[in-house]
Protein chains: 2
Amino acid sequence: MTKKEKFYTENQERVAAYAKALSHPARVFIMNYLSSNLDKCCYSGDMATELPIARSTLSEHLKELKKAGLIQGEINPPYIKYCINKESWDEAKHIFESFFK
Amino acid sequence: MTKKEKFYTENQERVAAYAKALSHPARVFIMNYLSSNLDKCCYSGDMATELPIARSTLSEHLKELKKAGLIQGEINPPYIKYCINKESWDEAKHIFESFFK
DNA sequence: CATTTGTTTCGTATTTTTACGAAATACTAA
DNA sequence: TTAGTATTTCGTAAAAATACGAAACAAATG
């Protein structure tokens, strides 16, 4: 197989991207935390008190999850309210379902 | 939250570990390839002809998947026959199901 | 025994991830 | 305007992931 611009399917890329977002236990923790109730939202500080990592590190993990689309943050100064992005969460769910099917 | 020996739950660690194994499109490709038929097996060389990566790189990806338990390799010289590890595959499936539930 | 074959390991380099504390930001309240 | 609060970005460092080709391996065959 010779090199190609875009080899993997859109679907394979998507599985990999969501999987990467979930590849760190802190991020799994965050998603567990937020998905316990899909309407639940929380502030970065809420989770900071529950996680054994620096606030800045938590912020980077939130950024990763946001980048993957799994969460969204609504600015509500001086807080930022985070919650699940239901569309992406659903897409991820379906993508993994069909992946394991 | 102060530092702790083991903070995350067993389940969170497991989701993260499986997700990490699936966080590269080449590995997703491999799992797609093998899971198209759960009894399907294949040789490293079979996939090498279908993937745009060096054989040694493919070998490392296979090692990652083996480490995560998702596949197993049966030595059948000079070939090594790879196939899904059904137990782990099933566990991963269930773990993701309950994660997204 | 020397070759061939399929595969992995090794040496190496580059990139990415993870992590922290300090500083910056952005808004509110005094 | 100054101080305070919640959070992120920056600078930096260390560790892990990705990738390649060359060399090593292990077994079968000539």
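All values reported here derive from a predicted model rather than from experimental measurement.
- Applying the side-chain contact (heavy atoms from CB on, under 4.5 Å) test to A:A16 and every residue at least two apart in sequence or in another chain returns B:P25, B:V28.
- When the salt bridge (Lys or Arg N to Asp or Glu O under 4.0 Å) test is applied to B:K66, no partner is found at least two apart in sequence or on another chain.
- B:S56 meets the side-chain contact (heavy atoms from CB on, under 4.5 Å) test with B:A54; sequence neighbours excluded.
- Among the nucleotides C:dC20, C:dT7, D:dC20, the one closest to any side-chain atom of B:S44 is C:dT7.
- With C:dT7, C:dC20, D:dT7 as the choices, the nucleotide that has an atom nearest any side-chain atom of A:Y79 turns out to be D:dT7.
- The salt bridge (Lys or Arg N to Asp or Glu O under 4.0 Å) search around A:E87 returns none, not counting sequence neighbours.
- Contact check of residues 21-35 of chain A against DNA chain C (heavy atom, cut-off under 4.0 Å) returns A:H24, A:R27.
- The backbone N or O of A:E10 lies less than 3.5 Å from no partner atom in the side chain of A:E13, so there is not a single donor-acceptor pair.
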List, one per line, each side-chain donor-acceptor pair under 3.5 Å for residues 90-101 of chain A, sequence neighbours excluded.
residue, atom, partner, partner atom, Å
A:D90, OD2, A:H94, NE2, 3.4
A:E91, OE1, A:Y18, OH, 2.5
A:E91, OE2, A:R14, NH1, 2.9
A:S98, OG, A:I95, O, 3.4

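- Here the P atom of nucleotide C:dT18 and the CG atom of A:L51 are 14 Å apart, to the nearest Å.
- Residue B:I80 places its side chain closer to C:dT7 than to any other of C:dT7, C:dC20, D:dT7.
- Taking a 4.0 Å limit (strictly below) on heavy-atom distances, residues 54-67 of chain A reaches DNA chain C at A:A54, A:S56, A:T57, A:E60, A:H61.
- Within the structure, every pair that satisfies the ring-ring contact (aromatic ring centres under 6.0 Å, His included) test and touches residues 45-66 of chain B, not counting sequence neighbours, is listed here: B:H24-B:H61.
- Distance A:K81 NZ to D:dT7 P: 13 Å, rounded to the nearest Å.
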N/O to N/O distances under 3.5 Å, protein versus nucleotides 13-16 of chain C:
none

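- For A:K81, the side-chain contact (heavy atoms from CB on, under 4.5 Å) test picks out A:C41, A:Y43, A:E74, with sequence neighbours left out.
- Put simply, CD1 on A:I53 is 14 Å from C1' on C:dG21, counting in whole angstrom units.
- Following rounding to the nearest Å, B:I71 (CD1) and C:dT7 (P) show an atom-to-atom distance of 13 Å.
- At whole-Å resolution of the value, CZ in B:F7 and P in C:dT18 are 17 Å apart.
- For A:K86, the salt bridge (Lys or Arg N to Asp or Glu O under 4.0 Å) partners two or more places apart in sequence, or in a different chain, are A:D39.
- Separating the OH atom of B:Y43 from the C1' atom of C:dT5 is a distance of 14 Å, rounded to the nearest angstrom.
- Distance alone, capped at 3.5 Å, places no donor-acceptor pair between the B:R55 side chain and the B:S44 backbone.
- A search for ring-ring contact (aromatic ring centres under 6.0 Å, His included) contacts involving B:Y8 returns nothing, not counting sequence neighbours.
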